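Each remark here refers to the structure printed beneath this line.
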Amino acid sequence: MNRLLLIVSLLCLTVLFLVFNEAFFVVNEAEQVVITRFGEPIGKPFTNAGLYWKFPVLDAVNRFDKRILEWDGDPNQIPTLDKRYIWVDTTARWRIVDPLKFMQSVRNESSAQARLDDIIDSATRDVISNHKVVEVVRNSNRLVDNPEMLVADEEDSMDVSRSELEPIKVGREQLSRNILERVIPYAPDFGIEILDVRIQRINYIEEVQKKVYDRMISERKRAAEKIRSEGQGKRAEIEGQMQKELQDIQSEAYKSVQEIKGKADADAIRIYAQAYNLDPSFYAFLKTLETYRETMNKDTTLILSTDHEFFNYLNTLNVNP
Amino acid sequence: MNPPLQKHIMAFKVPNTPDELLSMGSRGFNRLSRWIPYLVIALIIGMICLTSFYTIDPDEVGVIRQFGKYARTTQPGLHWKIPLGVEALNKVKVTRVFKEEFGFRTGTPGVNTTYSNRNFDEESIMLTGDLNSLDVSWIVQYKISDPVKYLFTLRNPEQTLRDLSESGMRQEIGDSSFSEALTVRRIEIDHNTQERLQAILDHYDVGIRIELVKLQDVNPPDPVKPSFNEVNEAKQEKEKVINQAFEAYNKLIPKARGEAEQVIRSAEGYALARVKRAQGDASQFTQTWDAYKSSRDVTRRRMYLETLREVLPKAGKVYVFDPKAGSILPLLNLTSEKQ
């Protein structure tokens, strides 16, 4: 008897626990819940956190996230209006605002993501292909208005053709908004709200990228050549200057030397003239004697005439010659 | 065999019949069953204690949900919550600064930090306003400013932060020229990206505060790098060439100046000597002439004869001939043949 009572009470407790467990459910802060009975939604969705109850066993709890969710598309290869192919990678934020409709239309998150892929990718394609590539890259006309920014550093700047610098009319942020505007109307059909679509990455496709690199490389090579030839030019300039100074110094020195010597020679001439003018014939006599002395040596052959005054006394002793 | 083990084997009586085995089992169970309620109570108390007491570390706060609904935030220390799943706890590190890296990943941080060598081109190659490509890496540091919002507003805050800062950085680089992004605009780019990022996060209201956005390496893309180095080499080469030219200049010009000075000095020496000599000669002449003046004839004759005496012996040959005797030629020939 006693044993039977124990078994019954245990069974009752278990059933009671199961019923409680099945009847009550918790909605978390980050969730919202739709109750379905045999697949048919019952009542309004529970969007506020807290403890709620339902009909046990028969009613099923369908939980959906209430937070902001991410969507990240695959990069798309899109031609722009000026026929350049670029990869565009967009990212979006969305959330489930009508869980009932969400459940009815897309059932779960992964199929919602697939729908978003379709919608956002096509909107991105439409918007990007209707604009030039600069509209996607730039957000303002800052560089067009301040072209000096292109050469912020004199030697590390890339030459840019003017056509690349055409002003933009729309800009990246507005393009993002345009994409968002295009996708927003689709969202209510899925019970979701799209908060934001952003262009996350854009890049040239590989072939174009390679060409861009080639252009950058050739531009750099040109810059390097320019710098090298500047160096050579500077060297030539210095060498020229050096030659000039050298010539200047040497000719200046030559000039000074000639002047000094000339003046000295002139002085000497004046001094000699002044002295010798006292008696030119005596000077001639002295100089001649001196010359005799200096020019006679053993190789000299002297031929003297007996008429010569020196031999006067050889011929005749004449007291009065 | 060990004695205790032997004893143990001896103590275990092998039952003869199944009935005997059963009665042995039930006796053992009865002995244990007296303890079962205590054991269960202890277990329940233990579980309640484990699920109700919790500690919060100094760098975090605890967010308590009661039946899923946000109830309170608790500060560091030991706390109690209603157990058995009524209240649930999330710990959020609010004082820690989190870091997201773009374009590179830190391998093992430390004194000699290593960096992963993987290629993050997807993340780091971006277009500049003048349509060149740039390899940009940067970091974003952030703190959780509102743990409740952080937990319940965004499902994947890190991913969202990454997506947004990539988008923001690209937009900022897209508005800079290649040259600026490499050099003068770095700080402005950091600043603008941080503001833009914060504005969007505030718009989502996710409880994240951006502490810092900082550009790390900004480089030309790898395929272009060698040509950039070439430019640097060219700069060095230019300097070198100019220095060499100056070196030659410095070697030659002062030397030339010295040499010029030298020839001028020696010309001056020549001039001095020339004038002095002239003066000396002049002086000699005037003095001689002074003496000569008083007795011209004698002196003249004397000087002439003295000179002849001096000169004639020096001469190799002296021929004296009489003009009346005719030509001197035969005489000359004879003498030279004799010699």
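Being a predicted model, the structure only gives us computed values, none of them experimental.
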Response to the item:
Okay, B:Arg170 and chain A: the region with an atom under 4.5 Å from a heavy atom over there is both

Fill in: Part of B:Glu122 within contact of chain A (heavy atom distance under 4.5 Å)
both

Worksheet entry | Atom pair CD (B:Glu87) and CD1 (B:Ile64), whose distance is rounded to the nearest 0.5 Å | 6.0 Å

Worksheet item: Taking every heavy-atom pair that is under 4.5 Å apart, which of B:Arg155, B:Glu123, B:Lys69 has the most such pairs with chain A?
Response: B:Arg155

Worksheet item: With under 30° as parallel and over 60° as perpendicular, where do the rings of A:Phe46 and A:Tyr52 fit, or are they tilted in between?
Response: tilted

Fill in: Modelled atom types, side-chain donor and acceptor of A:Gln241 and A:Glu245, under 3.5 Å
yes

Worksheet item: Of the backbone (N, CA, C, O) and the side chain (C-beta and beyond), which part of A:Asp65 lies under 4.5 Å from a heavy atom of chain B, both, or neither?
Response: side chain

Discussion item. side-chain hydrogen bond (donor to acceptor under 3.5 Å, both in side chains), that's the test. Do B:Ser177 and B:Asp130 meet it? Break it down for me.
Written reply: CA-CA 6 Å; B:Ser177 73; B:Asp130 44 2; 4.6 Å; no

Worksheet item: Does NZ or CZ of A:Arg84 lie under 6.0 Å from the centre of the six-membered ring of A:Tyr204, at an angle within 45° of the ring axis?
Response: no

Worksheet item: Which bit of B:Met303 is near chain A, if near means a heavy-atom gap under 4.5 Å: side chain, backbone, both or neither?
Response: both

Worksheet item: Can a cation-pi geometry be assigned to B:Arg300 and A:Phe285, taking NZ or CZ under 6.0 Å from the six-membered ring centre and within 45° of the ring axis?
Response: yes

Worksheet, complete the sentence: Cut-off 4.5 Å, heavy atoms of chain A, and the answer for B:Glu166 is both

Worksheet item: Is it the backbone or the side chain of A:Glu70 that comes under 4.5 Å from a heavy atom of chain B, or both, or neither?
Response: side chain

Item to complete: Measure distances from A:Leu278 to the heavy atoms of chain B and classify the residue's part below 4.5 Å as side chain, backbone, both or neither.
Response: both

Worksheet item: Does a side-chain N-to-carboxylate-O contact under 4.0 Å join B:Glu237 and B:Lys240?
Response: no

Fill in: Under 4.5 Å from any heavy atom of chain B - which part of A:Gln258
neither

Discussion item. Name the residue from B:Thr153, B:Leu154, B:Leu161, B:Thr160 that meets the side chain to side chain contact (heavy atoms under 4.5 Å, CB included) definition with B:Pro157.
Written reply: B:Leu154

Discussion item. Taking side chain as everything from C-beta outward and backbone as N, CA, C, O, which of these in A:Arg142 sits under 4.5 Å from a heavy atom of chain B? Side chain, backbone, both or neither.
Written reply: side chain

Discussion item. Check whether A:Glu31 reaches the backbone of A:Asn28 with its side chain - one donor and one acceptor, N or O, closer than 3.5 Å.
Written reply: yes

Fill in: Heavy-atom proximity to chain B below 4.5 Å, by part of A:Phe24
neither

Worksheet item: Relative to chain B, which segment of A:Arg235 carries a heavy atom at a distance below 4.5 Å: side chain, backbone, both, or neither?
Response: both

Fill in: Residue part contacting chain A, namely of B:Glu261, when any heavy atom lies under 4.5 Å
neither

Discussion item. Report which part of A:Thr91 has an atom under 4.5 Å of a heavy atom belonging to chain B: side chain, backbone, both, or neither.
Written reply: side chain

Worksheet item: Does a side chain donor of either A:Trp87 or A:Asn203 reach within less than 3.5 Å of an acceptor in the other side chain?
Response: no

Item to complete: With a 4.5 angstrom heavy-atom cut-off, could you sort out which part of B:Thr128 is near chain A: side chain, backbone, both or neither?
Response: backbone

Worksheet item: chain A heavy atoms under 4.5 Å from B:Phe152: which part of the residue, side chain, backbone, both or neither?
Response: both

Worksheet item: Given a strict heavy-atom distance threshold of 4.5 Å, which part of A:Tyr292 is in contact with chain B: side chain, backbone, both, or neither?
Response: both

Worksheet item: Which bit of B:Ile173 comes within less than 4.5 Å of chain A, counting heavy atoms only: side chain, backbone, both or neither?
Response: neither

Fill in: Atom group of A:Val257 that falls short of 4.5 Å from chain B, counting heavy atoms
both

Worksheet item: What part of B:Glu268 lies closer than 4.5 angstrom to a heavy atom of chain A: side chain, backbone, both or neither?
Response: both

Item to complete: Let me know if A:Phe25 has heavy atoms under 4.5 Å from chain B in its side chain, its backbone, both or neither.
Response: neither

Item to complete: Could you tell me which portion of A:Asp265 (side chain, backbone, both or neither) has an atom closer than 4.5 angstrom to a non-hydrogen atom of chain B?
Response: both

Worksheet item: Are the side chain of A:Asp82 and the backbone N or O of A:Lys132 linked by a donor-acceptor pair below 3.5 Å?
Response: no

Worksheet item: Does the cation-pi check pass for A:Arg220 over B:Phe228, that is, NZ or CZ under 6.0 Å from the six-membered ring centre and within 45° of its axis?
Response: yes

